[in-house]
Participant: 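Quick one: structure below, then a few questions.
Note: hydrogens, waters and symmetry copies are ignored here, and every other heavy atom, side chains too, is used.
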Amino acid sequence: MKGKKKRIFDIIQIGKREDFISRAFDIFIVIVILLNIAVLFLETFDALRPYTPVFKTVETVTVIIFAIEYALRIWTAEYLYPDRSRIQAVLRFLISFDGIVDLCTILPFFFLSGFVALRMLRVVRILHLFRINAYYDSFHVITSVLREKKNQIISSVFIILVLMLFSSLGMYSAEHEAQPEVFNNAFSGIWWSISTILTVGYGDVYPVTILGRLMAIIISFLGVGVVAIPTGIISAGFVEQYTKLQKPDGSGMVKATVKVEVDATCPYYKMRVKDIERQYHIDIVVLIRNGEVILPVKDTKLKAGDVFIHQVEQRLSSV
């Protein structure tokens, strides 16, 4: 029984490339997720009302599949968190990102006649697609860039927020007397500042005074430059990451990524990241634990079920 339980856990987790059944299950779940989301969209078209019974059937079947998967994940939670007791592992899964997403997907089905907010939570299921992409290098590059550039991104977002507040208060001061019903308080200018700084405006709220229009011109120019800052930071981060991974040096060597899965028989088991890097001369760039990408801190000890990606140098073959 225990062996079957472990096998079910291996199947419902993100599949290994060599495990055909597990990979097939991943593909099956992706198809079910896409069907569920497609039905959610198609139900909004009046012209497709005659097909409502078909949509309801598809939704019922997909939700049943989600409920079975959710129950299996609870049942096998002890393998997801091997360092915790059975009850602690279940509770940890229930409050995890995957557990909350699964629950928010299932609950709305039982409240179709009301609770619009719960019904809207069906779209949360699409977030579960991130699990399938968790093992691919392209996804790791994105998360690595956001993690490495988080301080610069936060600073640029802070500048945008300050500019929004400044433009809102400034536009209120300039336009309140001329348009008291439109700019009736400082907060009412937030919509105008957001639509102006982040887009080209919607035309529903606009300045009519000379001072207000002059401010709008200046704020529009500032908005173009300020909004471009985080875009430039992220773009530069992508260039740096791909340069590190793909650009050969003068010796004709190129860095490649290697994925290593840790188990109890692995030489890396229970070793710290810094000891692994020093002893085996590798550079761990990504660590995946319990399906989540975490920062490989030097004192982090590897556990069974962990997956890490490190860089190795390979000679660039000549054609």
Participant: With no hydrogens and no angle check, is any side-chain donor or acceptor of Ser235 less than 3.5 Å from a backbone partner on Gly232?
Facilitator: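 Absent.
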Participant: Between CD1 of Ile154 and CD1 of Ile233, what distance do you get to the nearest 0.5 Å?
Facilitator: 10.5 Å
Participant: Output, in order, the C-alpha distance, side-chain angles, deciding distance and verdict of side-chain contact (heavy atoms from CB on, under 4.5 Å) for Tyr81 and Arg86.
Facilitator: CA-CA 9 Å; Tyr81 305 102; Arg86 164 70 181 166; over 6 Å; no
Participant: Hey, quick one: are Leu103 and Leu80 part of the same hydrophobic cluster, counting side-chain heavy atoms closer than 4.5 Å, chains of contacts allowed?
Facilitator: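 In one cluster: yes.
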Participant: What closest approach, in Å, do Ser167 and Ser193 show between heavy atoms, and which atom pair accounts for it?
Facilitator: OG-CB, 2.9 Å
Participant: Do you reckon Phe45 sits in the same ILVMFWY cluster as Tyr51, going by side-chain contacts under 4.5 Å, direct or chained?
Facilitator: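 They do share one cluster, since a chain of ILVMFWY contacts under 4.5 Å joins Phe45 to Tyr51.
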Participant: Phe55 versus Leu48: any side-chain heavy-atom pair under 4.5 Å?
Facilitator: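 Touching, per the 4.5 Å side-chain cut-off.
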Participant: Which heavy-atom pair separates Ala264 from Ala304 by the least distance, and what is that distance?
Facilitator: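 So the two residues come closest at N-CB, 4.3 Å.
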Participant: Regarding Lys303 and Asp306, does a basic nitrogen lie under 4.0 Å from an acidic carboxylate oxygen?
Facilitator: no
Participant: Does some side-chain heavy atom of Ile190 sit less than 4.5 Å from a side-chain heavy atom of Leu165?
Facilitator: yes
Participant: Could you check whether Lys150 pairs with Glu148 (Lys NZ or Arg NE/NH1/NH2 to Asp/Glu carboxylate O, under 4.0 Å)?
Facilitator: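 Between Glu148 and Lys150 there is no salt bridge, as every charged N stays at least 4.0 Å from the carboxylate O atoms.
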Participant: May I ask you to say whether Arg84 pairs ionically with Glu78, meaning some side-chain N is under 4.0 Å from a carboxylate O?
Facilitator: no
Participant: Which value, rounded to the nearest 0.5 Å, describes the distance between Arg7 atom CZ and Ile12 atom CD1?
Facilitator: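 Arg7 CZ to Ile12 CD1: 11.5 Å, rounded to 0.5 Å.
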Participant: How close do Glu59 and Thr62 get, counting heavy atoms only, and between which atoms?
Facilitator: O-OG1, 2.8 Å
Participant: Quick one: do Leu287 and Thr300 satisfy side-chain contact (heavy atoms from CB on, under 4.5 Å)? Show the steps, please.
Facilitator: CA-CA 10 Å; Leu287 177 61; Thr300 301; 3.9 Å; yes
Participant: Locate the shortest heavy-atom distance separating Pro230 from Ser156; write the atom from each residue and the value.
Facilitator: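 In terms of heavy atoms, the two residues are closest at CB-OG, 3.5 Å.
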Participant: Counting distance only, does the side-chain N/O of Ser22 pair as donor-acceptor with the main-chain N or O of Asp10 below 3.5 Å?
Facilitator: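 Yes; judged by distance alone, with no hydrogens or angles, the pair exists.
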Participant: Does Ile210 have more than 12 heavy atoms from other residues, nucleotides or ligands lying within 6.0 Å of its CD1?
Facilitator: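 No, the 6.0 Å shell around CD1 holds no more than 12 heavy atoms from other groups.
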Participant: Grab the two heavy atoms, one from Arg73 and one from Asp102, that are nearest each other, plus how far apart they are.
Facilitator: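 So the two residues come closest at CD-OD2, 3.7 Å.
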Participant: Asn184 versus Gln179: any side-chain heavy-atom pair under 4.5 Å?
Facilitator: no
Participant: Just verifying a value: how many Å separate Arg278 CZ and Ile276 CD1, rounded to the nearest 0.5 Å?
Facilitator: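 If I round to the nearest 0.5 Å, the distance is 10.5 Å.
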Participant: Quick check: are there more than 12 heavy atoms from other residues, nucleotides or ligands sitting under 6.0 Å from CG of Leu161?
Facilitator: yes
Participant: Could you please spell out the steps behind the side-chain contact (heavy atoms from CB on, under 4.5 Å) verdict for Ile159 and Leu163?
Facilitator: CA-CA 6 Å; Ile159 295 174; Leu163 181 58; 5.5 Å; no
Participant: Flag the pair Lys149 / Ile234 as yes when at least one side-chain heavy-atom distance between them is below 4.5 Å, and no otherwise.
Facilitator: no
Participant: Return the minimal non-hydrogen interatomic distance between Leu302 and Tyr268, and the atom names on each side.
Facilitator: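 Looking at all heavy atoms of both residues, the shortest contact is CB-O, 3.7 Å.
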Participant: What I want to find out is whether Lys56 reaches Glu43 closely enough, with some N-O distance under 4.0 Å, to be called a salt bridge.
Facilitator: yes
Participant: To the nearest 0.5 angstrom, please state how far the CD atom of Glu277 sits from the CE atom of Met271.
Facilitator: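 The CD atom of Glu277 sits 10.5 Å away from the CE atom of Met271.
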Participant: Is there a side-chain contact between Ile29 and Glu69, using heavy atoms and a 4.5 Å cut-off?
Facilitator: yes
Participant: Kindly indicate whether the side chain of Ile219, heavy atoms from C-beta on, has any atom under 4.5 Å from the side chain of Trp192.
Facilitator: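 Yes, close enough: below the 4.5 Å cut-off.
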Participant: Between atom CD1 of Ile33 and atom CD1 of Ile65, what is the distance when rounded to the nearest 0.5 Å?
Facilitator: 10.5 Å
Participant: With a 3.5 Å distance limit and no angle check, can you tell me whether Thr76 reaches the backbone of Tyr79 through a side-chain donor-acceptor pair?
Facilitator: no
Participant: Please report the interatomic distance CZ(Phe93) to CD1(Ile95), rounded to the nearest 0.5 Å.
Facilitator: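 So the CZ of Phe93 and the CD1 of Ile95 are separated by 11.5 Å.
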Participant: Tell me, do Ile282 and Phe308 make a side-chain contact under 4.5 Å, heavy atoms counted?
Facilitator: yes
Participant: Treat each ILVMFWY residue as a node, draw an edge where side-chain heavy atoms are under 4.5 Å apart, and state whether Phe166 and Ile194 are in one component.
Facilitator: yes
Participant: Under the criterion side-chain contact (heavy atoms from CB on, under 4.5 Å), I'd like the reasoning laid out for Tyr70 against Ile106: C-alpha separation, chi angles, the key distance, then a yes or no.
Facilitator: CA-CA 9 Å; Tyr70 184 64; Ile106 298 168; 3.6 Å; yes
Participant: Same hydrophobic cluster for Met215 and Val162, using side-chain heavy-atom links shorter than 4.5 Å among ILVMFWY?
Facilitator: no
Participant: Find out if a path of hydrophobic residues (ILVMFWY) with successive side-chain heavy-atom gaps under 4.5 Å connects Met171 to Leu169.
Facilitator: no
Participant: Taking atom types as modelled, is there a side-chain donor on Glu175 or Thr209 under 3.5 Å from an acceptor on the other?
Facilitator: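 Yes, side-chain donor-acceptor contact under 3.5 Å.
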Participant: Taking the side chain as every heavy atom from C-beta outward, state whether Asp263 and Tyr269 have any atom pair closer than 4.5 Å.
Facilitator: no
